Amino acid sequence: MNTKRLEGRIAVVTGASRGIGRGIALRLAAEGALVAVHYGTRRDAADETVSAIERAGGLAFAVGAELDSMGGVGRLLQMLDEELVRRTGSNQFDILVNNAGVGTSSSFEETNEEEFDRLFTVNVKAPYFLVQQSLGRLRNGGRIINISSGVTRIAYPHIMAYNLTKGALNTFTLHLAQLLGPRGITVNAVLPGIVDTDVNASWLHTPEGRKYAEGMSALGRVGEPEDIADIVAFAASPDGRWMTGQMLDATGGSHL
Ligand code: NAP
């Protein structure tokens with residue numbers, strides 16, 4: 001079996017400095033892809049992801065841009081163009097993983113307009129315009145994978161505004177799949193449940209929090225970034241060529 005299913009491919013993973021994005025970057029690089037490791041503010045963490053990929057024999061480079069404004073999307077693409085042309089002679093790439101995202105701890109009642117707008121800007125507006133402005137750069141036969149959330153299937157009203165952003169990402173996935181199908185580009189969303197990353201550390205790393213989270217999954221444990229990365233790798237690979245417009249549950253069977 002060829003384990004390097006992505007040899008010769010180029011992948012862009014947003015929010016790959018930490019957490020799930022880091023796991024995805026490591027996995028796609030292990031499959032042979034050259035990976036652009038995007039970060040927002042944590043250059044140190046992105047450099048560490050790149051080093052981990054290189055230590056494992058893979059290829060990667062870091063690109064930083066905060067995605068809380070349209071200017072950030074433009075800066076990311078400009079940096080990508082420069083880095084890719086320098087490394088490959090062209091600004092084309094094959095796989096875009098829209099993973100960067102922000103969460104909230106505000107309830108429905110507490111959420112103010114500023115927070116609502118921030119959630120939608122980072123989680124919806126940035127992926128929308130990143131895809132729109134990448135269309136001339138993304139090769140035919142490529143892949144777009146949006147990291148959504150299990151909260152689009154499981155009611156969890158405590159973080160309402162965040163949930164709405166992920167619902168929008170699912171809708172984006174469906175319609176984009178139809179739009180880009182003629183180019184052989186597949187578009188899918190991956191919906192993680194609770195994953196052990198920095199956003200959950202404060203409550204998940206307590207005995208009660210851990211027990212609560214483990215109890216949600218039919219498989220009786222908390223998700224790790226690698227659990228999500230493996231599903232993304234399938235969608236990104238040639239084996240995933242006949243699957244598009246799908247919302248792939250990656251919750252370990254939470255609330256079945
Ligand atoms: P995380 O550990 O907090 O990492 C978030 C990543 O996104 C970091 O690389 C961060 O970059 C980047 N990012 C955040 N805000 C940004 C901004 N304004 N501009 C640019 N980059 C920004 O999060 P995670 O848990 O891995 O989550 C990754 C994705 O999975 C998110 O879309 C999240 O909604 C989704 N998800 C997570 C879970 C979960 O339980 N963890 C469950 C379902 C869905 P810097 O650190 O460099 O700033």
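Counting convention: from 1, in listed order, for ligands and their atoms alike. Computed from a prediction, not measured in an experiment: that's the story for all the values here.
- Residue-ligand proximity: R22 is placed with every non-hydrogen atom at 4.0 Å or more from ligand 1.
- Between I20 and ligand 1, an N or O atom pair is found at a separation short of 3.5 Å.
- Remark: distances from the non-hydrogen atoms of A65 to ligand 1 include one below 4.0 Å.
- Of all the listed residues (S148, G15, S17), S17 holds the heavy atom that lies closest to atom 45 (P) of ligand 1.
- Listed by number with element, the atoms of ligand 1 under 4.0 angstrom from any heavy atom of E66 are 19 (N), 20 (C).
- At a 4.0 Å heavy-atom cut-off, ligand 1 touches T197 through the side chain alone.
- Just one residue in the list R22, R43, R42 forms a salt bridge (Lys or Arg N to Asp or Glu O under 4.0 Å) with E48, and that residue is R22.
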| request: Check the pair S237, E31 against side chain to side chain donor-acceptor pair (under 3.5 Å), reporting the backbone distance first and the verdict last. | output: CA-CA 9 Å; S237 77; E31 298 257 15; over 6 Å; no
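- Ligand 1 lies less than 4.0 angstrom from a heavy atom belonging to G193.
- In terms of polar-atom proximity, V122 is not counted as a contact of ligand 1, lacking any N or O under 3.5 Å from an N or O of the ligand.
- Within the 4.5 Å cutoff, the side chain of T197 has heavy atoms near those of the I20 side chain.
- Assignment of R118 to the shell around ligand 1 is not supported, since no heavy atom sits closer than 4.0 Å.
- Side chains of N146 and S148: no donor on one and acceptor on the other come within 3.5 Å.
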